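Sequence positions, counted from 1, serve as the residue numbers for this chain. Source: prediction; values computed, not measured.
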Amino acid sequence: MNTFVCIAEDVKLGKDVKLSKFINLYGCEIGDETKIGAFVEIQKNATVGKRCKISSHTFVCEGVTIEDNVFIGHGVMFTNDSYPRATAAGGNLQTEADWKVERTVVKKGASIGSGATILSNISVGENAIVGAGSVVTKDVPPNSIVAGNPAKLLRHIEQTLEVS
């Protein structure tokens, strides 16, 4: 494989996936016809659906599920721990045994604008749009537009684009 692409042997890549240089994928699953931009990391136990676009400089951590036909803008950050700590109670560095992964789901057809941060334990609804630079702290309803810090509902989308 290319020296500028790091793809672990345990990655499941769908058909016709397009990968840019300078990416890091391990223990994840990427659906058919998805495009992954440069400087993207997708961690173990994360899933990206079919026909998605993950733009450059995005971080998809363990516990994130991105369904089909989702757009993720540049520099989007996902989290998987509401109360992150470097050390455990005894003062040693935490290990996987010291915390539980919190899940996040981005539903079919959603779009997340560049620079957004998506906190854990939330769902971004079907066909929803998250504005650029937003910090999403709670569930986003389907067919809605949210923006801001924290992200707030701006309006509902009356028409949705059907993608087959």
remark   = The single option from V136, V106, D139 that satisfies side chain to side chain contact (heavy atoms under 4.5 Å, CB included) with S123 is D139
ask   = Looking at CD1 of I112 and OG of S134, how far apart are the two atoms once the value is rounded to the nearest 0.5 Å?
value = 10.0 Å
remark   = Interatomic distance, CZ@F22 vs SG@C6, rounded to 0.5 Å, equals 12.5 Å
query = Are T65 and T104 side-chain neighbours, meaning at least one heavy-atom pair lies under 4.5 Å?
reply = no
key: Test item: E102 and S82 side chains (from C-beta on) under 4.5 Å apart, heavy atoms   = yes
request  = Taking all heavy atoms of H57 and all of M77, pick out the closest pair and write down the distance.
outcome  = O-CE, 3.4 Å
inquiry  = Please tell me whether L13 and V70 are part of a single hydrophobic cluster in this structure, the criterion being side-chain heavy atoms less than 4.5 Å apart.
reply    = yes
key: Approximate separation, where rounding is to 0.5 Å, of N24 CG and Q43 CD   = 8.5 Å
ask   = Are I7 and V48 joined in one hydrophobic group, where the rule is that I, L, V, M, F, W and Y side chains link up if heavy atoms are under 4.5 Å apart?
value = yes
ask   = How close do S114 and V76 get, heavy atom to heavy atom, and via which atoms?
value = CA-CG2, 4.4 Å
inquiry  = Quick test of your reading of the model: are K44 and E29 salt-bridged, counting only N-O distances below 4.0 Å?
reply    = no
key: Check against side-chain contact (heavy atoms from CB on, under 4.5 Å), K21 and F39   = CA-CA 7 Å; K21 292 184 179 182; F39 303 104; over 6 Å; no
request  = Calculate, to the nearest 0.5 Å, the distance between atoms CG and CD1 belonging to L19 and I30 respectively.
outcome  = 8.0 Å
key: Pair N80, E62: side-chain N/O donor-acceptor within cut-off below 3.5 Å   = no
remark   = Nearest heavy-atom approach of G73 to S55 is C-CB, 3.4 Å
ask   = Is there a side-chain contact between V60 and I66, using heavy atoms and a 4.5 Å cut-off?
value = yes
inquiry  = Count I, L, V, M, F, W, Y as connected when their side-chain heavy atoms are under 4.5 Å apart, and connections chain through other members. Are I23 and I42 then in the same cluster?
reply    = yes
inquiry  = When you compare the side chain of I157 with that of I129, does any pair of heavy atoms fall below 4.5 Å?
reply    = yes
request  = Measure the spacing between CD1 of I36 and SG of C52 and express it to the nearest 0.5 Å.
outcome  = 8.0 Å
query = Closest approach of Q94 and T87, non-hydrogen atoms and distance?
reply = CG-C, 3.6 Å
message = Tell me if a side-chain donor or acceptor on N127 pairs with a main-chain N or O of N143 at a distance below 3.5 Å.
response = no
query = Would F71 and I118 show up in the same hydrophobic cluster when neighbours are defined by side-chain heavy atoms closer than 4.5 Å?
reply = no
ask   = Do the side chains of I72 and F78 get nearer than 4.5 Å, heavy atoms only?
value = yes
ask   = If you round to the nearest 0.5 Å, how far is CG of N121 from NZ of K138?
value = 15.0 Å
ask   = Looking only at heavy atoms, which two atoms of L93 and D98 are closest? And how far apart?
value = O-OD2, 4.2 Å
inquiry  = Are V146 and L154 packed together at the side-chain level, in the sense that at least one heavy-atom pair is separated by less than 4.5 angstrom?
reply    = no
query = Do the non-hydrogen side-chain atoms of V105 and E67 ever get within less than 4.5 Å of each other?
reply = yes
inquiry  = Please find the pair of heavy atoms, one from K50 and one from T34, that lie closest to each other, and give the distance.
reply    = C-OG1, 3.7 Å
message = Determine whether Y26 and E41 satisfy the following criterion, side chain to side chain donor-acceptor pair (under 3.5 Å), listing intermediate values before the conclusion.
response = CA-CA 8 Å; Y26 56 96; E41 178 170 334; 3.1 Å; yes
query = Just by distance, with hydrogens left out, do S144 and H156 show a side-chain donor and acceptor under 3.5 Å apart?
reply = no
